[in-house]
Amino acid sequence: MKTALITGITGQDGLYLSELLHDKGYKVFGLVQGQNNPKGESLARTHPFVEILSGNLLDLSSLMRAVADSEPDEVYNLGAVSFVAYSWQNARLTSDVTGAGVLNMLEAVRFYRDRSGKDVRFYQASSSEMFGKVQQVPQCESTLLWPRSPYGVAKVYGHYMTINYRESYDMHASSGILFNHESPRRGPEFVTRKVSQAVARIHLGLQSGITLGNLDAKRDWGFAGDYVRAMWLMLQQDTADDYVIATGETHSIKELLDVAFDEVGVSDWERYVSTDPRFMRPAEVDLLIGDATKARKVLGWEPEVDFDSLIRMMVRHDLDVQTAAAAATNP
Ligand code: GDR
């Protein structure tokens, strides 16, 4: 039986990945930070097969203990301060957790590997935010990185540190440059879920409209369940490497609104949508579209859920959730 340790296990990707690994027969450990963390309590209820370990990416000794206790074959570093807009207000915290946290995790793995002699494989969750002000369209593994947010800068640090540990210490350390990936488990601060929740609530008469930021930004959106499969495939290769994971299609926020509102039979969504500078970013990433040719060729990875099905799946999920919540408050 193989063993995996996942940081950021309470996030969307951590949950999907833990299920994938559990189905493959892995013993799964998950790092959860803080005392009485409600997300940890919820994880224990919904994913009882995960063994929860306490630790924090800022605290190297806690990571060394987590690695020693779990004796992992594979470590997936998904933990981060991950909301881009928040990173301008919390640039130092983001740099520490999302950037230096990667170094701490790499050190903990290297220390354990050197003492145990076990070949531990490492996955780093890099991000398309690293491309920022894009220098090439579409973006691939060799595209020059030009991050546009403190979050993007921190991810670049973690990305190059992962490559550096691979080259300096012969570690099996791979980096997945994942483009935006969404699901019904996405946090409501991200634009797809903010829209799917609002559309469901507007349809049910629970909310009158939605206020957004830049409607012209374009993203390459895939399904998180497809993307965690790519993470696992990277660690099954003989050689560690970096891979772009993307659908190769890009859509604007306006197109997202077209599909989401269409799912509830609304075509003139403009009457429900307003914009507010509050949701604009000091520096925007205007266009992302990934070229995942390498992942397709080397890993044999293909996305299964397309943009249209993804957004409709999220709206339908939120219709169910909101209907149940409304029924519970007005029985
Ligand atoms: P992103 O995701 O920043 O790409 O990072 P997000 O969904 O927050 O924004 C996508 C685009 O939508 C525009 N936008 C809005 N965004 C939010 N959150 N709220 C709004 O009201 C709104 N209006 C317009 C944004 O300006 C942006 O252009 C995500 C995160 O998951 C990162 O952690 C991850 O690394 C990358 O995807 C890949």
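By convention here, the first residue in the shown sequence is residue 1. Each ligand, and each atom within it, is numbered from 1 in the order the structure gives.
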Engineer: For Glu284, is there an ion pair with Arg219 - N to carboxylate O distance below 4.0 angstrom?
Structural biologist: yes

Engineer: Any protein N/O atoms within less than 3.5 Å of an N/O atom in ligand 1? List the atom names and distances, or say none.
Structural biologist:
unit_1, atom_1, unit_2, atom_2, d
ligand 1, 3 (O), Arg281, NH1, 2.6
ligand 1, 4 (O), Asn180, ND2, 2.8
ligand 1, 4 (O), Arg219, NE, 2.8
ligand 1, 7 (O), Val191, N, 2.9
ligand 1, 8 (O), Arg281, NH2, 2.9
ligand 1, 9 (O), Arg281, NH2, 3.4
ligand 1, 18 (N), Glu189, O, 2.9
ligand 1, 21 (O), Lys194, NZ, 2.7
ligand 1, 23 (N), Gly213, N, 2.8
ligand 1, 26 (O), Glu284, OE2, 2.6
ligand 1, 28 (O), Arg219, NH2, 2.9
ligand 1, 28 (O), Glu284, OE1, 3.0
ligand 1, 28 (O), Glu284, OE2, 3.0
ligand 1, 31 (O), Arg186, NH1, 3.1
ligand 1, 31 (O), Arg186, NH2, 2.8
ligand 1, 33 (O), Ser82, O, 2.6
ligand 1, 33 (O), Tyr151, OH, 2.9
ligand 1, 35 (O), Ser127, OG, 2.6
ligand 1, 35 (O), Tyr151, OH, 2.5
ligand 1, 37 (O), Asn180, ND2, 3.2

Engineer: Other than Met64, which residues form its hydrophobic cluster under the rule that side-chain heavy atoms must be closer than 4.5 Å?
Structural biologist: Leu60, Phe111

Engineer: Please determine which of Trp221, Phe307, Tyr227 meets the ring pair (Phe, Tyr, Trp, His ring centres under 6.0 Å) test together with His181.
Structural biologist: Tyr227

Engineer: Counting C-beta onward and ignoring hydrogens, is there a side-chain heavy-atom pair between Arg229 and Glu304 closer than 4.5 Å?
Structural biologist: yes

Engineer: Partners of Lys24 by salt bridge (Lys or Arg N to Asp or Glu O under 4.0 Å), sequence neighbours excluded?
Structural biologist: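 If we apply the salt bridge (Lys or Arg N to Asp or Glu O under 4.0 Å) test to Lys24, skipping adjacent residues, there are no hits.
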
Engineer: Go through the structure and list residues passing side-chain hydrogen bond (donor to acceptor under 3.5 Å, both in side chains) with Ser267, not counting sequence neighbours.
Structural biologist: none

